[in-house]
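Following: one structure in structure tokens, then a few remarks.
The structure presented is a predicted model; accordingly, all values stated were derived computationally and were not measured.
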Amino acid sequence: MPTQENKQGSRPKFFITTPIYYVNARPHLGHTYTTVAADTLARWKRMRGYDVYFLTGTDEHGQKIERSAAKAGKTPQEFAAGVSSEFRALWDRMGLTYDDYIRTTEERHKRGVQHLFTVLQERGFIYKGTYTGQYCVWDELYVEGPPGTACPDCGRITETVSEENYFFKLSAFERKLLEYYEQHPDFIRPEARRNEVVAFVRGGLRDLSISRTSFNWGIPVPGDERHVIYVWMDALANYITALGYGSDDPTLLEKYWPADVQLIGKEISRFHCVYWPAFLMAADLPLPKSIVAHGWLLFEQSKMSKSRGNIVRAETVLDVLGADALRYFLLREIVFGQDGSFSFDALVQRYNSDLANGYGNLVSRTLTMIVKYFGGVVPEAKTANYRYKENAVLTDACEGIGSVAHFQEISISIGFDNLDFSHALESAWSLIGSVDGFITASAPWKISESSDPKDRQYLAEILYTAAESIRIITALAYPVIPDAAAKVWRQLGLGDITQADLKELQWGGLKPGTKLGQLGPVFPRAEKDAITRMQELEDKYPAQTATETAKQVPAIPVTEVAIPALVTKETVDTHTTHPAAVAPTPPAPEAKPHAPAPAVDATPTLAAAENPKIAIEDFAKVELRVAIVRVAERVPKADRLLRLEVDLGYEQRQIVAGIAEAYTPESLIGRKVVIVANLAPRKLRGLESNGMIVAASVGEKGTPVLAGFLEDVEIGARLK
RNA sequence: GGCGGCGUAGCUCAGAUGGUUAGAGCGACGGACUCAUAACCCGUAGGUCGGUGGUUCGAUUCCACUCGCCGCCA
């Protein structure tokens, strides 16, 4: 078992992983968030002298992929490879410093998983049994309940299945897991997730089905090829197969396993905190040191837009503001572990106030003065070692900055080490604030007018202090904003930051006499049109799943394809190792009282004549479309509500409609209806409704009568 | 339904084992400055600390209930 630091005194190792991303969805900001966090931590640890190994990759097996590929007219291999390469291309474009990118379709992984299966089997933790129950094909999930039960995750009706499965003796690990949690309080972070996991295990563990015979797209069970290994066991094993588990070269495994930090999204904590450790225990492998679950990234609807906006592509932000801006925003704005929200508005706000006005401007004003007053050469400072005592006021001020820098460095380091990125950055930026205040208070531009040698020295002290602070801030910010930090490093005349030793950041490390490099803006202020530009870019790329891309998307004006439902139905899938899931933003608080009610929840409109006339533009805001009902069922404990799944041709979505008193579920299936497609999502009885069925309201009771057409109309068609 | 969490200034959030004027950043407003990316600096902002009731000399901080939101319960 590898130790943290071996005897030769070589560098301590640090193995960090992200989940492997399921190729059923194309990369979006949620994936980016997880991966950026991992990259930042990897860079931080590297800079502090660790031998870092950073692993990411894609999860490519399962029935869902098999089906998506078939729809797209591709083989599962082709399909998975296509999406996997999109992920990889995005990470490469962002300059993420992963050391390995594993795909579960690779031979090394397959071999490793089969080896793991065999080991568990030999050690008596796997047996064959029969499972009969409800199964959600979409989520590849077994569900409790009688036949006809809806899947708790996606709402689809489950299928009754009975199949021979291999089972893993998870029940045997209940006590051992609880003991482990007890003895390793930091194993699961944050605490809220840990408590949930502990509660779950305390509730009792049943054995886990780990194979399927109902489809083929997976890794065959060794010696029983009718079975493929269930995606979870397959996916989780990536963390060790990437290091060579099951191969004849144990070098990496011995060196890097166990992982130091495994980053995950909170929705997959059970798999990583219960199943995964149990598998490892069963295989007699050490457990990861910590599993850190972050929150979800919610997308805030921009106030200016119609009812659009959900899945944001990282590329959009990269195009307009650059990777550093995105990285900074995600890590500064969101408290790691908690849910956070993203909006173009907040992004530009942060960018301007922190990066442009804060860091960028500080660098600019300081280095410009060094050029102006000292010919671009870092001046000699005597206070560098806190020894300059001839000018008490100056010394105090400069020493003050020196100690602030020292204090903040400690605070920032603690923040990064604890994955508390937002607080680390807060500390770093508070140092920027101190230096700005210091410069303004000591007003070097005034002193520069004096010819007194004492003042000349005073000026040198001030600018040295500012420049040295910038060096330290830049080094500490490097893990988060690597491109900008590299630029500033060169401007400071320090060369290539990737070659610099940032392990120790002693005050005074900036050598007087250093010739500054070429100056130039690091974070130019974002203009007002930045938000619009990003929105326009998004409009050009309607959010799509991999499935939808592969299918032919009907010719719909792209600006009209912004659908809240995309998020819940297509993107948040509870499948395997997932990144930050993307969830729709709940309606803004102030908008709540006005949230449009779906279906006949709305009060019947009595007299249209009484209403003021509207302009055509007003009508155009309402997106009416034809959809076909695929699934209909009663909502338990709600007399009037039906849960519908309607198909718009380009997407499926769930709508909860108050029409149960007038229509039976069976009568609706296959029926074409008119829906308001751009209605903000709303929850009814805990179910999210993404749209509203259009119906006439008849009689005193307002009995709903569904709108329809005399001719057959193709689904997805818009009513104008 | 069971268990747990949250609800504090326009926005994002801190905070207190209960006790003088409840904090920060951003935004807004006023002022100052000119080295700098219309940037920076200074000042101002009165938020019933979700609601009700209780314990207490005193609660936003403890308790009960209640409303709203969220997570976990294979």
By nearest nucleotide on RNA chain B, pick out whichever of A/Lys446 and A/Gly520 is the more 5' one. A/Lys446

Rounded distance in Å - CE (A/Met369) to C1' (B/rA39): 12 Å

Separation of A/Ile412 CD1 from A/Phe421 CZ (nearest 0.5 Å): 13.5 Å

Examine the side chains of A/Tyr328 and A/Asp354 and answer whether a donor and an acceptor come within less than 3.5 Å of each other. yes

Rounded to the nearest angstrom, tell me the gap between atom CZ in A/Phe438 and atom C1' in B/rA36. 16 Å

Answer for the Watson-Crick or wobble partner of B/rC49, both distances under 3.5 Å, is none

Measure CZ/A/Arg194 against C1'/B/rG71 and give the value in whole Å, please. 17 Å

Starting from C1' on B/rU12, measure out to CG on A/Leu425 and report it in whole angstrom. 15 Å

Without hydrogens or angle criteria, can the side chains of A/Ser171 and A/Asp207 be said to hold a donor-acceptor pair below 3.5 Å? yes

Which whole-number value in Å describes the distance from A/Ile439 CD1 to B/rA39 P? 17 Å

Quick check: on RNA chain B, is the nucleotide nearest A/Thr366 upstream (toward 5') of the one nearest A/Ser434, or the reverse? Name the residue that is more 5'. A/Thr366

NZ/NE/NH1/NH2 to OD/OE distance under 4.0 Å, A/Asp319 and A/Arg533: no

Considering every strand and a 4.0 Å limit on heavy-atom distances, what is the contact class for A/Ala199: base, sugar-phosphate, or nothing? nothing

For atom P, what is the distance between B/rA39 and B/rG46, given to the nearest Å? 24 Å

How far, in whole Å, is B/rC63 from B/rU56 if one measures between their C1' atoms? 12 Å

Are A/Phe342 and A/Phe344 close enough that their ring centres sit under 6.0 Å apart? yes

Ignoring the backbone of A/Phe200, work out which of B/rC73, B/rC40, B/rC35 is nearest its side chain. B/rC73

Rounding to the closest angstrom, what is the interatomic distance between B/rA14 and B/rU20 at atom P? 22 Å

Rounding to 0.5 Å, atoms CG (A/Leu367) and CD (A/Gln491) come to a distance of 6.0 Å

Report each atom pair, protein N/O against N/O of nucleotides 25-30 of chain B, whose distance is under 3.5 angstrom.
{"from": "B/rC26", "atom 1": "O3'", "to": "A/Gln349", "atom 2": "NE2", "distance (Å)": "3.3"}
{"from": "B/rC26", "atom 1": "O2'", "to": "A/Gln349", "atom 2": "NE2", "distance (Å)": "2.9"}

If we call it a pair only when both distances are under 3.5 Å in a Watson-Crick or G-U wobble match, what pairs with B/rG25? B/rC11

If B/rU34 has a Watson-Crick or G-U wobble mate with both distances under 3.5 Å, name it; if not, just say none. none

Considering only atom P, compute the distance from B/rG1 to B/rG10 and round it to an integer number of Å. 33 Å

What I want to check is whether the side chains of A/Gln408 and A/Ser430 have a donor and an acceptor closer together than 3.5 Å. yes

If I take atom CG in residue A/Asn352 and atom P in nucleotide B/rC40, what distance separates them, rounded to the nearest angstrom? 10 Å

Residues A/Thr130 and A/Glu164: side-chain donor-acceptor under 3.5 angstrom: no

At 4.0 Å (heavy atoms only), tell me whether A/Val274 reaches a base, stays on the sugar-phosphate, or touches nothing. nothing

Indicate yes or no: at least one non-hydrogen side-chain atom of A/Thr34 is less than 4.5 angstrom from one of A/Pro19. yes

Quickly work out the A/Leu347 CG to B/rC11 C1' distance and round it to whole Å. 16 Å

Inter-nucleotide C1' distance (B/rC62, B/rG47), Å rounded: 23 Å

Does some side-chain heavy atom of A/His61 sit less than 4.5 Å from a side-chain heavy atom of A/Val228? no

May I ask you to say what A/Tyr275 touches in the nucleic acid, namely base, sugar-phosphate or nothing, with a heavy-atom cut-off under 4.0 Å? base

Check every strand shown and say whether A/Gly360 touches a base, only sugar-phosphate, or nothing at a heavy-atom separation below 4.0 Å. base

How is A/Thr368 classified with respect to the nucleic acid when contacts are heavy atoms under 4.0 Å: base, sugar-phosphate, or nothing? sugar-phosphate

Looking only at B/rC35, B/rA74, B/rG71, the nucleotide nearest the A/Tyr373 side chain is B/rC35

A/Arg270 vs B/rC73: side-chain N/O to OP1/OP2 distance below 4.0 Å: yes

Per atom distances to the A/Glu196 side chain, the nearest of B/rA36, B/rC72, B/rU37 is B/rC72

State the pairing partner of B/rC3; accept Watson-Crick or G-U wobble contacts with both distances under 3.5 Å, and report none otherwise. B/rG71

To the nearest angstrom, how far is A/Asn195 atom CG from B/rC72 atom C1'? 10 Å

Strictly by modelled atom types, are A/Ser442 and A/Tyr458 linked by a side-chain donor-acceptor pair under 3.5 Å? no

Using Watson-Crick or G-U wobble geometry with both distances under 3.5 Å, which nucleotide pairs with B/rC57? B/rG19

For B/rA36, does OP1 or OP2 lie under 4.0 Å from any side-chain N or O of A/Lys372? yes

C1' gap between B/rC26 and B/rU66, integer Å: 34 Å

If you check every side-chain atom of A/Asn361, which of B/rC35, B/rG71, B/rU37 has the closest atom? B/rU37

Does B/rC72 have its OP1 or OP2 closer than 4.0 Å to a side-chain nitrogen or oxygen of A/Arg193? no

Just call it for A/Leu205: base, sugar-phosphate, or nothing, with non-hydrogen atoms closer than 4.0 Å on any strand. base

Scan A/Gly204 against the nucleic acid and name what it touches under 4.0 Å (heavy atoms): base, sugar-phosphate only, or nothing. base

With C1' as the reference atom in both, quote the distance from B/rG53 to B/rA59 in angstrom, rounded to an integer. 13 Å

Nucleotide of B/rC40, B/rU34, B/rA39 approaching A/Arg525 most closely (side-chain heavy atoms): B/rA39

Measuring from the side chain of A/Thr440 (C-beta onward, heavy atoms only), which nucleotide among B/rC41, B/rA36, B/rA74 has the closest atom? B/rC41

Give me the distance, rounded to whole Å, that separates B/rG23 from B/rU60 when you measure between the C1' atoms they each carry. 13 Å

